[in-house]
Amino acid sequence: MKNISISDKFSFNRFLMLAKREIISNKRLFTMELAVIAGLILMGEAFIAWGAGPNAADLEPAKGIIYYSDRQVAFIIGIVGVIGFSILTNVAASLVCSGLSNKKGRINNFMAVGTPAEKYLVNFLIYDVFFIIFFLAVWIGIDYLRVLYVNVRYPIEGVSVLSMAKEIEWQVSLMGVAALVFFQAFYTLVSAFSPKWAFFKGFGLSYAINLLSIPYCMIFSFLFFDLHPSINYAVVITAGLAFCFAIAMHLLAYFRYTETDII
């Protein structure tokens, strides 16, 4: 096998070896986590579709008209899914540096062949990127199965969550993405400084910060109404600041990760 030496330069081959090592060594844990995510999505979607779905009275045509739309079910699934998605992304981000929560994990991380940048990137892609892609893929897939069932089972047209998401204004979508990136970076930063129980620590810290920020938000809200800026301008500026803070927090998390001691 070709020897790969450690250097300050990023090596894609070494990065792939680190990723393969991480996945194989935590295969059972990752499988369990992904199964739990898929199971919760399936149960949640099935329960909402059953509870808010059409009944016999809804589908009895009165004068040839059916007074029922699947948009209501899709809307409820969308709201619940967004809440679950936000919780998942924060929990996953808090696990980026979970391998450093004990001495054994720190030794294992230190003994792995690779630069700190490669090791950090592996964890970042697994917890901050892959889990998001997996959640969205499973959610969309299960929801389309629900739509297919509605189309076959009932004399109405099923509505998917994805089709309703396309109707959302770009301002709302931009703020949603900015909030996702910001809070992911925040929980990743908490994980880097305190890997053990990082999610609960981050949740408590964010709650305290939110309470302290209320007076400042009130002041800025008065300034907002005094200056009468454009809503689009305010959304773009806010999202831009969120992205900038997210980048800064990821950089801080990375430098903290590189300074972690074995003991």
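Quick caveat, the model's predicted, so the values are computed rather than measured.
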Enquirer: Find the distance between CZ (Phe47) and CD1 (Ile76) and round it off to the nearest 0.5 Å.
Expert: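 Phe47 atom CZ to Ile76 atom CD1 measures 10.5 Å (nearest 0.5 Å).
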Enquirer: Which distance, rounded to the nearest 0.5 Å, do you find between the CG of Leu42 and the CD1 of Ile37?
Expert: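 The CG atom of Leu42 sits 13.5 Å away from the CD1 atom of Ile37.
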Enquirer: Compile the donor-acceptor pairs under 3.5 Å between side chains in residues 78-87 and protein atoms, sequence neighbours left out, one pair per line.
Expert:
unit_1: Ser86; atom_1: OG; unit_2: Val82; atom_2: O; d: 3.3
unit_1: Ser86; atom_1: OG; unit_2: Ile83; atom_2: O; d: 2.6

Enquirer: With side-chain hydrogen bond (donor to acceptor under 3.5 Å, both in side chains) as the rule and sequence neighbours excluded, what pairs involving residues 180-189 come up?
Expert: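 For residues 180-189, and leaving out neighbouring residues, the side-chain hydrogen bond (donor to acceptor under 3.5 Å, both in side chains) pairs sorted by first residue read Asp128-Thr188.
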Enquirer: In terms of hydrophobic clusters joined by side-chain contacts under 4.5 Å, are Val129 and Leu18 together?
Expert: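 As far as the 4.5 Å side-chain criterion goes, Leu18 and Val129 are connected within one cluster.
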Enquirer: So, taking the atom named CZ in Arg21 and the one named CG in Leu16, what distance separates them when rounded to the nearest 0.5 Å?
Expert: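 Reported value, rounded in 0.5 Å steps: 15.0 Å.
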Enquirer: Are Phe15 and Thr115 close enough that some pair of their side-chain heavy atoms sits under 4.5 Å apart?
Expert: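 With C-beta onward as the side chain, the pair stays apart.
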Enquirer: Kindly work out whether a path of hydrophobic side-chain contacts (I/L/V/M/F/W/Y, heavy atoms less than 4.5 Å apart) joins Phe200 to Phe183.
Expert: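 Yes; Phe183 is reachable from Phe200 via cluster members.
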Enquirer: Just wondering, do Leu34 and Phe134 contact through their side chains at under 4.5 Å, heavy atoms?
Expert: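 Result yes, sub-4.5 Å side-chain heavy-atom pair found.
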Enquirer: Enumerate the side-chain hydrogen bond (donor to acceptor under 3.5 Å, both in side chains) contacts for residues 136-145, please, sequence neighbours excluded, ordered by first and then second residue.
Expert: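 Listed once each, the pairs are Asp143-Arg146.
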Enquirer: In terms of hydrophobic clusters joined by side-chain contacts under 4.5 Å, are Ile140 and Val138 together?
Expert: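 No, it is not one cluster - the side chains of Ile140 and Val138 are not joined through contacts under 4.5 Å.
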Enquirer: Would you be so kind as to tabulate the donor-acceptor pairs closer than 3.5 Å made by side chains of residues 171-178, with sequence neighbours excluded?
Expert:
unit_1: Gln171; atom_1: NE2; unit_2: Asn232; atom_2: OD1; d: 2.6
unit_1: Ser173; atom_1: OG; unit_2: Glu169; atom_2: O; d: 3.4

Enquirer: Check this for me: Phe199, atom CZ, are more than 12 non-hydrogen atoms of other residues, nucleotides or ligands nearer than 6.0 Å?
Expert: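 It does: Phe199 CZ has more than 12 such atoms within range.
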Enquirer: What's the shortest heavy-atom distance between Ala192 and Cys97, and which atoms?
Expert: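 So the two residues come closest at CA-SG, 3.7 Å.
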Enquirer: Return yes if some donor-acceptor pair links the side-chain N/O of Lys27 with the main-chain N/O of Glu22 below 3.5 Å, else return no.
Expert: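 No.
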Enquirer: Does the side chain of Leu121 come within less than 4.5 Å of Phe124's, by heavy atoms?
Expert: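 Yes; the side chains approach each other to less than 4.5 Å.
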Enquirer: Output, in order, the C-alpha distance, side-chain angles, deciding distance and verdict of side chain to side chain contact (heavy atoms under 4.5 Å, CB included) for Leu95 and Phe131.
Expert: CA-CA 11 Å; Leu95 298 175; Phe131 274 77; over 6 Å; no
Enquirer: Return the CG to CG distance between Leu189 and Leu252, rounded to the nearest 0.5 Å.
Expert: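 So the gap between those two atoms works out to 6.0 Å.
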Enquirer: Before giving the answer on side chain to side chain contact (heavy atoms under 4.5 Å, CB included), spell out for Val147 and Val159 the whole-Å C-alpha distance, their side-chain angles and the decisive distance to 0.1 Å.
Expert: CA-CA 6 Å; Val147 172; Val159 179; 6.0 Å; no
Enquirer: For atom OH of Tyr254, is the number of surrounding heavy atoms from other residues, nucleotides or ligands below 6.0 Å larger than 12?
Expert: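 Count over threshold, so yes.
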Enquirer: If Ile, Leu, Val, Met, Phe, Trp and Tyr residues are connected whenever their side-chain heavy atoms lie under 4.5 Å apart, and connections chain through other members, are Met32 and Tyr127 in the same group?
Expert: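 No.
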Enquirer: Can you name the residues that form a side chain to side chain contact (heavy atoms under 4.5 Å, CB included) with Ala19, not counting sequence neighbours?
Expert: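 In terms of side chain to side chain contact (heavy atoms under 4.5 Å, CB included), with neighbours along the sequence ignored, Ala19 is linked to Val122.
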Enquirer: Would you give the length of the straight line joining atom CG of Leu136 to atom CG of Leu162, rounded to the nearest 0.5 angstrom?
Expert: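 It comes to 10.0 Å.
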Enquirer: Can you give me the closest heavy-atom contact between Tyr257 and Lys119, atom names plus distance?
Expert: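 Nearest pair, atom of Tyr257 first, then Lys119: OH-CB, 3.3 Å.
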Enquirer: Under 3.5 Å, is there a donor-acceptor pair between the side chain of Ser163 and the main chain of Ser160?
Expert: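 The answer is yes, because a donor-acceptor pair under 3.5 Å joins these two groups.
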Enquirer: For Thr89, enumerate each residue passing the side-chain hydrogen bond (donor to acceptor under 3.5 Å, both in side chains) test, keeping only those at least two apart in sequence or located in another chain.
Expert: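 If we apply the side-chain hydrogen bond (donor to acceptor under 3.5 Å, both in side chains) test to Thr89, skipping adjacent residues, there are no hits.
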Enquirer: On a heavy-atom basis, which atom in Phe182 and which in Ala246 lie closest, and how many Å separate them?
Expert: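 Phe182 and Ala246 have their closest heavy atoms at CA-CB, 4.1 Å.
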Enquirer: So, do His250 and Tyr120 sit near enough that their side-chain heavy atoms are less than 4.5 Å apart?
Expert: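 With C-beta onward as the side chain, the pair touches.
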Enquirer: Indicate if Leu125 and Leu29 have the same hydrophobic cluster label, given that clusters are the connected sets of ILVMFWY residues with side-chain heavy-atom separations under 4.5 angstrom.
Expert: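 Different clusters: Leu125 never reaches Leu29 through Ile, Leu, Val, Met, Phe, Trp or Tyr contacts under 4.5 Å.
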Enquirer: Salt bridge or not for Arg71 and Glu167, using N-O below 4.0 Å?
Expert: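 Between Glu167 and Arg71 there is a salt bridge, with a charged N closer than 4.0 Å to a carboxylate O.
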Enquirer: Can you tell me how far apart CG (Leu88) and CD1 (Ile132) are? Round to the nearest 0.5 Å.
Expert: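 One finds 8.0 Å between CG of Leu88 and CD1 of Ile132.
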